[in-house]
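Reviewing the structure listed below.
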Amino acid sequence: MEPILSIQNISKSYGPIQALKDVSIDVPEGSVFGILGPNGSGKTTMLGIILDVLIAKSGSYKWFGGMPNDAARRQIGSLLETPNFYHYLSAFNNLEITAAISKRGKDDRIRVLKQVGLFDRMNSRFQTYSLGMKQRLAIGAALLGSPKVLVLDEPTNGLDPAGIAEIRELIRKLNKEGLTIIIASHLLDEIEKVCTHVAILKKGNLLLNGPVNEVLLSEDQIEVRAEDAVALQQVLQAMSGIKKINVADNTVQLTCEPTITPVQVNEFCISKGIVLSHLLLKKKSLETKFMELTNDK
Amino acid sequence: MFGLLAIEWLKIKRYSTFWVLTALFLILLPLWNYEIANGVIKMGGSGKKGMNFLNTQYSFPQVWGNLGWWGSIFITFISILVIIITTNEYGYRTNRQNIIDGWKRMQFFNAKVLLVVVLSFMVTLYLFLLGGVFGRVYSGSFSGLFNEFKQVCYFFLLSLDYLGFALFISIWIKRSGLAIGLFLLYSLIIENILKGSINYYADTPWGNLLPLQASDELLPFPMLQMAKAMMAATPTLSMTTYAWVAIGWCLVYYFAGRAILLRNDW
């Protein structure tokens, strides 16, 4: 299937600072695609390029298999960096401009304002809004007229915990309805809970990119314990498919090939006469992974 | 085209600054001229005494050149308005949002250019209506209404020149206060220094061809015209030359503004 967005070898620099280095990503249709990276890693720069407000030094991108970019943007609801609205206009009137430019959703304004909880304040001027309300309006504007794709840059900025949970639920719900959602964040939790795919950026380099399951499963660990830790360790050293063995506090940690399951480990130990007192599959959390990847080594 | 203008209208129709500056322009221009025509504001004397030079220019066809000259000063209101409206987009970052929402960069630019053209047309139309009223009152009839009508066209050109310059400065500078400051400094002081220097040191009238000056030359101070005629001063450049140069500057603003917008990050 043709990806919704295909990014090819994009580079971008601001003077001497290289913000993106030869980044290529495909965003599959129907995915929740998380772009993850510490502050200043190039997330917003990349979204700015694919939304045409920044100009890449080299490389290209294609929306919907090659639709003209402005037509593509009219089918994408976007929130880039900050909520950008006319300060002297109300939420309702700001959305009229959004709808006029994107040619969708003029009659959809009340619905989205209710959805983001601004219905009661929709006639107040934007400049009277709190940070969280501005962010909500920006999300509302992105949802206007049911776009096919959402591009959300740090969507939970400035929201309270309830607001963050609401947005997470909203993303799940919209994705179930078939929307493709591209979401950039430095909050691992946010990405881990909702994303199907993830790309990790660090100082403009794409470190890793793929479905969350694959990316995370590939480095799972299996933890085992037995009465005799030393014997256990010796036995397991003979098992094929085990890449690394660590021992800590009488617990043996195994880094295995992706094909190795806890069942196989258990069977192997029993066949060698060792009964396990503890067996645990530890999925490496995104946070651990993220720290490992983005730590300076 | 109308789509772009309709969206610009959505942006400004509820903007109080737009209405205040427009209203001040609409009220102050006729009020000022009414006071001059009646000798309330005058050169040569004060109060109810003294001789007046300024109030002689309100019958057809002199009213066009006279109102055009005052209009060239009052157009500053509208120029500042153009700067505020344009730099607001950068301040609010709505320039980015317009693109993100689906405009091409050139659509953003063309919408502003169209706004400048429409504003120029509206102020010219207003000047024409005012000229009609003043001319009718001080001539006693409409005879000669269309004599020197070309000066109304010159005013349109002058408006395009000033508002186009204001738009260009805004796109170039992006920051509201600095853009307004530079616009006023340039139009009131810097251009006069440049013009004086060029005309003095090179002993040519080329200083008259500077961006705003070229269109100012189309509508000179009426008294100055009379003085020049009396002194039989040598004419400098023809009105046609000034008109073409003013059009040329408008094209320069357009293409320079376009280049800035297409080349840079937003």
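So you know, we letter chains A, B, ... as the sequences are listed, proteins then strands, and number each from 1.
Heavy atoms closer than 4.5 Å to chain A are found in the side chain of B:Arg105, but not in its backbone. Using a 4.5 Å cut-off between heavy atoms, B:Asn264 touches chain A through its backbone atoms (N, CA, C, O) alone. For a residue to count as touching a neighbouring chain, one of its non-hydrogen atoms must lie under 4.5 Å from one of that chain's; by this rule B:Leu262 touches chain A with the backbone only. When heavy atoms are compared at a cutoff of 4.5 Å, A:Asn93 approaches chain B solely by way of its side chain, counted from C-beta outward. Looking at A:Ile55, both its backbone and its side chain come within 4.5 Å of chain B, counting heavy atoms on both sides. Looking at B:Asn98, both its backbone and its side chain come within 4.5 Å of chain A, counting heavy atoms on both sides. With a 4.5 angstrom heavy-atom cutoff, A:Phe126 does not touch chain B via any of its atoms. Looking at A:Glu81, the atoms closer than 4.5 Å to chain B (heavy atoms on both sides) all sit in the side chain, from C-beta outward.
Rounding to the nearest 0.5 angstrom, the gap separating the OG1 atom in B:Thr94 from the CG atom in A:Leu89 is 9.5 Å. One finds the CG atom of A:Leu80 at 8.0 Å from the CD atom of B:Gln97 (value rounded to the nearest 0.5 Å). Atoms CG and CD1, from A:Asn84 and B:Ile100 in turn, are 6.0 Å apart once rounded to the nearest 0.5 Å. Expressed to the nearest 0.5 Å, how far CG of A:Asn69 lies from NZ of B:Lys104 amounts to 10.0 Å.
Judged purely by atom type and a 3.5 angstrom limit, A:Arg73 uses its side chain to pair as donor or acceptor with the backbone of B:Trp103. B:Arg93 contributes no side-chain N or O that, together with a main-chain N or O of A:Phe85, makes up a donor-acceptor pair within less than 3.5 Å.
When the shell of 6.0 Å around NZ of B:Lys174 is examined, it contains more than 12 heavy atoms from other residues, nucleotides or ligands. More than 12 heavy atoms of other residues, nucleotides or ligands lie within 6.0 Å of OH in A:Tyr14, so this atom counts as buried by the packing criterion. Residue-environment remark: CH2 (B:Trp9) exceeds the threshold of 12 foreign heavy atoms within 6.0 Å. For B:Lys13, the NZ atom counts as densely surrounded, since its 6.0 Å shell holds more than 12 non-hydrogen atoms of other residues, nucleotides or ligands. More than 12 non-hydrogen atoms from other residues, nucleotides or ligands lie less than 6.0 angstrom from NZ of A:Lys21. Crowding of B:Met122 atom CE: a count of heavy atoms from other residues, nucleotides or ligands under 6.0 Å not exceeding 12. The number of heavy-atom neighbours closer than 6.0 Å to OH of B:Tyr254, taken from other residues, nucleotides and ligands shown, is above 12.
With respect to the salt-bridge test (charged N to carboxylate O, under 4.0 angstrom), the residues A:Lys12 and B:Asp265 qualify.
Using a 4.5 Å heavy-atom cutoff, the side chains of B:Trp266 and A:Asp52 are not in contact. Under the 4.5 Å side-chain criterion, counting only non-hydrogen atoms from C-beta, A:Tyr88 is in contact with B:Lys11. B:Arg96 places a side-chain heavy atom less than 4.5 Å from the side chain of A:Leu54. Two residues are said to be in side-chain contact when any heavy atoms from C-beta on lie closer than 4.5 Å; B:Ile99 and A:Leu51 fail this criterion.
Nearest heavy atoms, B:Gly102 versus A:Ile101: N-CG2, 3.9 Å. When all heavy atoms are compared, the tightest approach of B:Leu10 to A:Ala100 is CD1-CB, 4.1 Å.
In terms of non-hydrogen atom pairs under 4.5 Å with chain B, the most contact-rich of A:Arg74, A:Gln75, A:His87 is A:His87.
Between B:Tyr92 and A:Tyr86, the ring planes are perpendicular. Angles over 60° get that label, and only those under 30° would be called parallel.
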